[in-house]
Amino acid sequence: MIGIKGAMTQIFDAEGNVRAATIITAGPLTVTQLKTQESDGYQAVQLGFGNKKEKHSTKPERGHTKELGVFRALKEVQTTEAFTRGQVVDLSVFTPGDMVSVSAVSKAKGFQGVVKRHGFSGDMRSHGRKHSERAPGSIGGGGRAGGRVIKGMRMAGRMGGDRVTVRNLQVLQVNTDTGTLVISGAVPGRPGTLVEISAA
């Protein structure tokens with residue numbers, strides 16, 4: 001399932017425990033293309049989500065889904081189930097209690113130092129320390145690794161903006177009328193991010 005991340009909220013379960021949850025506006029999805037073993041070498045289905053203005057789409061996009069509309073996102077899923085082009089898939093595939101995985105692009109935080117990016121503790125803030133308590137410290141050189149900086153050294157750099165998958169989240173509520181899904185915990189990205197939901 002494909003959806004859009006919304007706000008976070010709190011849900012009380014049957015035992016009265018409060019649980020952090022994320023509201024996701026998901027579906028419905030439209031089957032836009034079928035791929036078969038004979039023609040493509042594998043069996044899959046392509047799903048379209050959301051709508052966008054025709055002027056914001058390319059001519060190949062409009063031709064690919066000409067009688068179905070113009071979709072915000074297309075996602076291909078390998079499956080052995082039988083589908084037909086134009087078929088609609090909604091939230092009825094989920095039930096409360098299901099365990100799912102959610103994938104999305106995480107928040108981009110720009111260029112960050114080692115304390116924020118890698119969790120370094122930093123140095124002391126006393127005994128004459130000035131302007132360098134968040135510095136990374138030694139990065140090698142000398143006799144280590146031949147006097148060079150080894151690959152994978154944790155240093156300052158761009159942080160976030162990566163595709164992240166959070167597994168084993170529980171579906172708390174499903175509302176097919178409003179097209180909303182309430183999932184336990186936090187999911188990657190900011191509100192408005194496109195997320196992909198799959199069985200855990």
Side-chain angles (χ1 to χ4, degrees), residues 1-9 11 20-108 160-200:
M1 183 61 66
I2 305 174
I4 298 174
K5 177 180 175 177
M8 289 197 70
T9 185
I11 299 293
T22 304
I23 302 172
I24 297 176
T25 304
L29 307 181
T30 304
V31 177
T32 56
Q33 186 181 6
L34 302 173
K35 298 202 171 184
T36 62
Q37 189 71 36
E38 296 75 23
S39 60
D40 303 285
Y42 65 101
Q43 190 168 348
V45 60
Q46 187 187 76
L47 303 168
F49 167 74
N51 297 305
K52 65 179 178 181
K53 292 181 179 179
E54 192 171 303
K55 67 177 183 178
H56 294 153
S57 63
T58 63
K59 195 171 182 180
E61 286 176 340
R62 294 194 295 271
H64 180 59
T65 59
K66 48 190 172 184
E67 73 278 8
L68 301 174
V70 183
F71 298 96
R72 174 179 173 177
L74 296 175
K75 170 69 176 175
E76 186 176 293
V77 179
Q78 293 196 22
T79 178
T80 56
E81 296 182 30
F83 288 92
T84 58
R85 192 169 190 268
Q87 181 178 340
V88 176
V89 181
D90 59 14
L91 287 180
S92 59
V93 297
F94 294 107
T95 56
D98 289 348
M99 303 303 290
V100 296
S101 296
V102 179
S103 301
V105 176
S106 63
K107 287 183 180 180
D162 302 314
R163 181 179 168 84
V164 178
T165 299
V166 180
R167 294 178 172 84
N168 296 322
L169 299 178
Q170 188 176 16
V171 176
L172 301 178
Q173 294 178 4
V174 179
N175 192 329
T176 55
D177 296 331
T178 59
T180 55
L181 202 63
V182 180
I183 296 179
S184 64
V187 302
R190 58 167 179 79
T193 299
L194 210 63
V195 299
E196 298 172 13
I197 309 162
S198 59

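A quick note: this is a predicted structure, and the numbers were derived from the prediction, not measured. Quick note: numbers below take in every heavy atom, side chains included, and nothing from hydrogens, waters or symmetry partners.
When all heavy atoms of Leu194 and Ala73 are compared, the closest pair comes out as CD2-CB, 3.4 Å. Gly192 and Arg72 get closest at one heavy-atom pair: O-NH2, 3.6 Å. The two atoms that bring Pro188 and Ala104 nearest to each other are O-CB, 3.7 Å, heavy atoms only. Scanning both residues, Leu91 and Gly179, for their nearest heavy atoms gives CD1-C, 3.5 Å. Residues Gln173 and Ile11 come closest through the heavy atom pair NE2-CD1, 3.7 Å. Considering every non-hydrogen atom in both Gly6 and Thr22, the closest pair reads O-CG2, 4.4 Å.
To the nearest 0.5 Å, the span separating NZ on Lys5 from CD1 on Ile23 amounts to 11.5 Å. Of the inter-residue distances, the one linking Leu181 atom CG with Leu172 atom CG reads 9.0 Å to the nearest 0.5 angstrom. Separating the CG atom in Asp90 from the CG atom in Leu29 is a distance of 9.0 Å, to the nearest 0.5 Å. Of the inter-residue distances, the one linking Ile24 atom CD1 with Met1 atom CE reads 11.0 Å to the nearest 0.5 angstrom. The distance from the NZ atom of Lys75 to the CZ atom of Phe49 is 14.0 Å, given to the nearest 0.5 Å. Between atom CZ of residue Arg190 and atom NZ of residue Lys107 there is a gap of 9.5 Å, rounded to the nearest 0.5 Å.
In this structure, Ile183 and Val102 have side chains that are in contact, with non-hydrogen atoms separated by less than 4.5 Å. No side-chain heavy atom of Val31 sits under 4.5 Å from any side-chain heavy atom of Thr84. Two residues are said to be in side-chain contact when any heavy atoms from C-beta on lie closer than 4.5 Å; Val166 and Val187 fail this criterion. You'll find the side chain of Gln78 stays beyond 4.5 Å of the side chain of Val45, heavy atoms only. Inter-residue side-chain proximity for Phe71 and Leu47 is flagged as unmet; no heavy-atom pair is nearer than 4.5 Å.
Side-chain atoms of Asn175 come within 3.5 Å of backbone atoms of Asp177 as a donor-acceptor pair (strictly under, hydrogens ignored). The main-chain N or O of Glu54 is found under 3.5 Å from a side-chain atom of Arg62 such that the two form a donor-acceptor pair. Checked by atom type and distance alone, the side chain of Ser184 pairs as donor or acceptor with a backbone atom of Gln170 at under 3.5 Å.
Salt bridge present: Lys52 and Glu61 bring a charged side-chain N and a carboxylate O closer than 4.0 Å. Between Arg163 and Glu196 there is a salt bridge, with a side-chain nitrogen of the basic residue lying less than 4.0 Å from a carboxylate oxygen of the acidic one.
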**Request:** Please step through side-chain contact (heavy atoms from CB on, under 4.5 Å) for the pair Ile4 and Val195, ending with a clear verdict.
**Result:** CA-CA 6 Å; Ile4 298 174; Val195 299; over 6 Å; no
**Item:** Derivation of the side-chain contact (heavy atoms from CB on, under 4.5 Å) call for Val105 and Val164
**Value:** CA-CA 6 Å; Val105 176; Val164 178; over 6 Å; no
**Request:** Check step by step if side-chain contact (heavy atoms from CB on, under 4.5 Å) holds for Glu76 and Lys35.
**Result:** CA-CA 9 Å; Glu76 186 176 293; Lys35 298 202 171 184; 3.1 Å; yes
**Request:** Would you check, one step at a time, whether the test side-chain contact (heavy atoms from CB on, under 4.5 Å) holds for Val174 with Thr176?
**Result:** CA-CA 6 Å; Val174 179; Thr176 55; 4.3 Å; yes
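Take Thr32 and apply the side chain to side chain donor-acceptor pair (under 3.5 Å) test, not counting sequence neighbours, and it matches Gln46.
Applying the side chain to side chain donor-acceptor pair (under 3.5 Å) definition to pairs two or more places apart or across chains, those involving residues 96-105 are Thr95-Asp98, Ser103-Thr165.
Around the CZ atom of Arg167, the shell of radius 6.0 Å holds no more than 12 heavy atoms that belong to other residues, nucleotides or ligands.
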